[in-house]
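In what follows, a structure is listed as structure tokens, so that the remarks can point back to it.
Residue numbering restarts at 1 for every chain, and letters A, B, ... go by the order of the sequence lines. None of the values given here were measured: they were computed from a predicted structure.
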There are 2 protein chains.
Amino acid sequence: MAEPTLWEPVPRSRTYELVLARIEEQILAGKLRVGDRLPPERELVELLEVSRAAIREALRVLEAQGVLRARVGTGPDSGSVIAAMPSAGLTQLLRLHIALANFPVKDVVEARAALERSSARLAADQATEADLDRMAECLAHMDVPEVSREEFNDHDTRFHVAIAEAGGNRLVTDLTVAVRNAVRHTLMTAFHRLDDWEAERDRLRAEHHAIHDAIAAGDAERAGDLVESHIHRFHHDVVRTVLQSPEGTSAQSAIWDGPPRER
Amino acid sequence: MAEPTLWEPVPRSRTYELVLARIEEQILAGKLRVGDRLPPERELVELLEVSRAAIREALRVLEAQGVLRARVGTGPDSGSVIAAMPSAGLTQLLRLHIALANFPVKDVVEARAALERSSARLAADQATEADLDRMAECLAHMDVPEVSREEFNDHDTRFHVAIAEAGGNRLVTDLTVAVRNAVRHTLMTAFHRLDDWEAERDRLRAEHHAIHDAIAAGDAERAGDLVESHIHRFHHDVVRTVLQSPEGTSAQSAIWDGPPRER
DNA sequence: TTTCTTGTTTGGTCCGACCAAGCAATGGGC
DNA sequence: GCCCATTGCTTGGTCGGACCAAACAAGAAA
């Protein structure tokens, strides 16, 4: 039971962390809700009896988490206001950690597959006509005969986001968007290095239409399975192959597979 | 195509955001890796020609994201060091946004189910003997006849985390831990208000053992399905029922179901 | 009534100063 | 010659004060 990792921390709290804790208390307790305004920074200085720098550092953290939105001036929209923009913060966080190779691409793909399978199942159950129309519009853009790779990739993303939004689960949607954004660059690189672009394009078109049809038909089981295998196949055929081809050094394979498991 | 939301932003960059961008550049470009040290704050002031306050605000954000770890002194471990502790930052972010009801509990449950299904499938494919032993140990703790609810919940969490770790996917593991931590309080509350604790406890025990056995047998399909239905059933039977019972006001049902969908 | 000016509030930025935690080099005592 | 306390330097942590610019509100001037 004496796990060494459990005895490590002992974090001496810095002032800004205490400020953060005070504000979080009120959020967790429901006393601060979306739209509410925090007292002005100078007032918080007096209330909490710390320097403005400490206050501001805490506010910066909340802002980065998408919980706060600060504006100057005196209007009704000014000051530090509790907001709700989780996807930006999530995207940023995941981007950095993926870049630090904490999360190998393989893991990200797996997470995407899991999340989007869930989205597709939910979407099949409760997508509205408007939702289906939005998906169909994305498909139409990708079906343009001479569509460019950028255009295609752009609407590919929109298509998957549309599915997530149709599912109505905001957490899953935001996670999906964040994960997708986080690997956007990698995806585009793979897309450009593609040898047989036309074949892959046609394959993706067919898969997308199949997914759309399953959702439209309300077949959750099939929609989920199709999305899952769609993501797995694409990353297996395209990303892995392309990233490991000519310039495929050991460094890149590490990006894919991650460091060996150690215990 | 003229979506109104796309014309809103125009974010005037603040100094700390520029500093943040510079540091992120280097991380994204792979020039800063885990373990590397940033220049001292006072040096960054000269390099970037901004105030120390701006530097520090940027560093605070990175720290909150689990990308940085700062220590005073001159030793080899001192200064601002690139680190990799994503789950803490994720947990914090999710906790706040769940509290702000951006993410209704229902959505969180769905995300958990999706992620842990994926974990279980991976675990069934590649769990080692050591992994299985750790799971079994958690089960043993939960099987103690007079186990307390706290003990049970504690090892319940460990069991699920053990599965995620056995899956070997760090992103999914960290997301799982973060999501679980974020709803820990809600979970414990539901656990305590439980009417027929013994019946629920026995049901959970049986489900846990079935999951363990499926993973041990290498049956990915079954393991995944069992975990998924396990989570769905528990939250449907316990959390939803309990949280909406006596004190079940409209506010709490909003926490569960979230605000009505508007388009 | 309308328009311009002025003042106030608010976040944004910077500077300079001091503190305490650590480590490293120094030097006396054995 | 070796050990250990002292001293000094580097580093993040904290603070107070000052000034800027954006944004709005109120009052003055047309």
Is B:Arg22 atom CZ crowded by more than 12 heavy atoms from other residues, nucleotides or ligands, each under 6.0 Å away? no

To the nearest Å, how far apart are A:Tyr16 OH and D:dG12 C1'? 12 Å

Less than 4.0 angstrom between a side-chain N/O of B:Ser51 and OP1 or OP2 of C:dC14, yes or no? yes

Take a 6.0 Å sphere around CZ of A:Arg184 and say whether it holds more than 12 heavy atoms from other residues, nucleotides or ligands. no

Distance in angstrom units between B:Glu46 CD and C:dC15 C1', rounded: 14 Å

Let's see if you can work this out: which of C:dC14, C:dG12, D:dC15 has an atom nearest to the side-chain heavy atoms of A:Ala53? D:dC15

Remember a base hit wins even if backbone is also touched, and classify A:Ser78 as base, sugar-phosphate or nothing at under 4.0 Å, heavy atoms. nothing

Does A:Arg71 put a side-chain nitrogen or oxygen below 4.0 Å from OP1 or OP2 of D:dC24? no

With the side chain of B:Val72 defined as its heavy atoms from C-beta on, choose the nearest nucleotide among C:dA21, C:dC23, C:dG12. C:dA21

Candidates C:dT13, C:dT9, D:dG13 - which lies nearest the side chain of B:Arg14: C:dT13

Separation of A:Glu57 atom CD from D:dT14 atom P, in whole Å? 7 Å

Expressed in angstrom and rounded to an integer, what is the separation of B:Glu63 atom CD from D:dG13 atom P? 7 Å

Closest-nucleotide 5' rank along DNA chain C - winner of A:Arg52 and B:Asp77: A:Arg52

Using only atom types and a distance under 3.5 Å, with no angle test, would you say the side chain of A:Asp131 pairs donor to acceptor with the backbone of A:Thr128? yes

How many whole angstroms separate atom CD of B:Glu41 from atom C1' of C:dC14? 15 Å

Under 4.0 Å, heavy atoms only, any strand: does A:Arg37 hit a base, just the sugar-phosphate, or nothing? nothing

Between A:Ser80 and C:dT10, is there a side-chain N or O to OP1/OP2 distance below 4.0 Å? no

Tell me the interatomic distance from A:Leu48, atom CG, to D:dT14, atom P, rounded to whole angstroms. 14 Å

Is it the case that the side chain of B:Asp107 and the backbone of B:Pro104 share a donor-acceptor pair, with hydrogens and angles ignored and the cut-off at 3.5 Å? no

Figure out the CD1/P separation between A:Ile55 and D:dC15, and round it to whole Å. 9 Å

Any side-chain N or O of A:Thr15 under 4.0 Å from OP1/OP2 of D:dT14? yes

Around atom CZ of A:Arg180, are there more than 12 heavy atoms of other residues, nucleotides or ligands at under 6.0 Å? yes

Take A:Arg42 and A:Gly73, find for each the nucleotide of DNA chain D with the closest heavy atom, and name the residue whose nucleotide sits nearer the 5' end. A:Arg42

Candidate nucleotides C:dT10, C:dC18, D:dC15, ranked by approach to the side chain of A:Val50 - the nearest: D:dC15

May I ask you to decide if B:Asp77's main-chain N or O and B:Arg69's side chain share a donor-acceptor pair within less than 3.5 Å? yes

Side-chain contact check for B:Arg56: nearest option of D:dC15, D:dT14, C:dT10 is D:dT14

Just how far, in rounded Å, is P of C:dT10 from CG of A:Leu68? 15 Å

